[in-house]
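I have placed the structure first, in the form of structure tokens, so that the comments after it can refer back to it.
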Amino acid sequence: MYVGTAHPQKYYDINRMARGLKSVMPNQFIYHYMPSVLKYVYQKVKSPLFRKAKWSEFEHEKVASKELMEIFSDSKCILDAPQAGQVGLTIRTMECLGAKRKLVTTNSDIKNYDFYNENNILIYSEPINLDSPFFKNEYEELSDEMYEKYSLKNWLITMIGKET
């Protein structure tokens with residue numbers, strides 16, 4: 001499953017992953033959101049990664065929060081690709097952690113985080129090992145402390161600097 005705005009690098013990476021994983025993940029839901037024709041034309045002109053993109057590949061309505069939650073809960077695995085130049089974790093990583101869903105990502109830095117578990121997170125690179133235990137095993141629960149550490153509540157406490 002993937003739902004997100006179609007930035008050039010992300011669009012390219014998500015499509016590449018979806019194609020590469022089709023044999024082990026045949027039921028895919030890929031939703032590239034493109035907010036306007038102007039943005040589409042701009043990206044077609046500006047980015048070589050968008051040159052072959054067709055307007056019909058994109059969705060033009062945002063997915064409602066409730067529908068997105070349903071899609072997440074119906075999915076076993078989520079695809080993630082940071083935008084060009086983005087460092088650190090994406091919000092999609094945190095959503096997967098909270099939803100206890102497997103993640104396939106192009107972000108190789110994720111292996112440096114304490115929640116990284118190769119049974120739950122696959123760093124996508126080609127050629128992909130389609131015989132990996134990642135594809136055969138169920139999501140492996142982390143400790144309660146780990147979920148708490150990366151919770152929204154704990155993030156807010158960290159940002160504000162005090163517990164309320």
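Values in this document were obtained by computation on a predicted structure and should not be read as measured data.
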Lys44 (side chain) donor-acceptor with Ala53 (main chain) under 3.5 angstrom: yes
Shortest non-hydrogen contact from Met17 toward Asp80: CE-O, 3.4 Å
Exercise: identify the closest heavy-atom pair between Ser75 and Arg101: O-NE, 2.6 Å
Leu38 reachable from Val45 in the ILVMFWY side-chain graph, under 4.5 Å edges: no
Taking every non-hydrogen atom, the tightest pair across Ala18 and Ile30: CB-CD1, 4.1 Å
Lys102 side chain vs Asn119 backbone, donor-acceptor pair below 3.5 Å: yes
Sub-4.5 Å side-chain heavy-atom contact between Glu57 and Trp55: no
Parallel, tilted or perpendicular: rings of Tyr40 and Phe50 (30°, 60°): tilted
Glu148 and Tyr150: side chain donor to acceptor below 3.5 Å: no
Distance, nearest 0.5 Å, that separates CZ of Arg51 from CD of Gln43: 10.5 Å
Interatomic spacing from NZ in Lys149 to CG in Leu142 - rounded to 0.5 Å: 11.5 Å
Other residues, nucleotides, ligands: >12 heavy atoms within 6.0 Å of Asn129 CG: yes
Considering all heavy atoms, the nearest Phe29-Val3 contact: CE2-CG2, 3.7 Å
ILVMFWY cluster, Val24 and Leu79 together (side-chain gap under 4.5 Å): yes
Worked check of side-chain contact (heavy atoms from CB on, under 4.5 Å) between Thr93 and Tyr113: CA-CA 11 Å; Thr93 302; Tyr113 288 83; over 6 Å; no
side-chain contact (heavy atoms from CB on, under 4.5 Å) between Thr106 and Ile123, intermediate numbers included: CA-CA 6 Å; Thr106 58; Ile123 299 169; over 6 Å; no
Check ion pair Arg16-Asp13 (N to O, under 4.0 angstrom): yes
Beyond-backbone contact of Pro35 with Tyr33, side-chain heavy atoms, under 4.5 angstrom: yes
More than 12 heavy atoms from other groups under 6.0 Å of NZ on Lys52: no
Side chains of Ile121 and Phe134 in contact at under 4.5 Å (non-hydrogen atoms): no
Heavy-atom neighbours of Glu118 CD exceed 12 at 6.0 Å: no
Side-chain donor-acceptor contact under 3.5 Å, Glu140 with Asn117: yes
Single-linkage hydrophobic cluster, 4.5 Å side-chain cutoff, Val37 and Phe58 together: yes
Reported CD1-to-CH2 distance for the pair Ile160 and Trp155, which is rounded to 0.5 angstrom: 8.5 Å
Same cluster (ILVMFWY, side-chain, under 4.5 Å), Val104 and Ile128: yes
Inter-residue atom distance Asp109.CG - Leu89.CG, 0.5 Å rounding: 7.0 Å
Neighbour count >12 (heavy atoms, 6.0 Å) for atom NZ, Lys22: yes
Heavy-atom closest contact (Thr105 atom, Pro82 atom, distance): OG1-CD, 4.4 Å
Whether Tyr2 and His32 hold their rings parallel, tilted or perpendicular, with breakpoints at 30° and 60°: tilted
Side-chain donor or acceptor of Ser132 paired with backbone N/O of Phe135 under 3.5 Å: no
Cys96 and Phe72: CA distance, side-chain angles, deciding distance, side-chain contact (heavy atoms from CB on, under 4.5 Å) verdict: CA-CA 8 Å; Cys96 283; Phe72 246 89; 4.2 Å; yes
Gap separating the CG atom of Leu130 from the CG atom of Leu21, nearest 0.5 angstrom: 7.0 Å
Hydrophobic cluster identity match, Met1 and Tyr31, side-chain contacts under 4.5 Å: yes
Carboxylate-amine/guanidinium contact Glu95 Arg92, below 4.0 Å: yes
Residue pair Lys10 / Gln83, side-chain heavy-atom distance below 4.5 Å: yes
Reported OG-to-OH distance for the pair Ser108 and Tyr124, which is rounded to 0.5 angstrom: 14.5 Å
Shortest non-hydrogen separation from Glu141 to Tyr147 and the atoms involved: CA-OH, 3.7 Å
Glu61, CD atom: more than 12 neighbouring heavy atoms under 6.0 Å: no
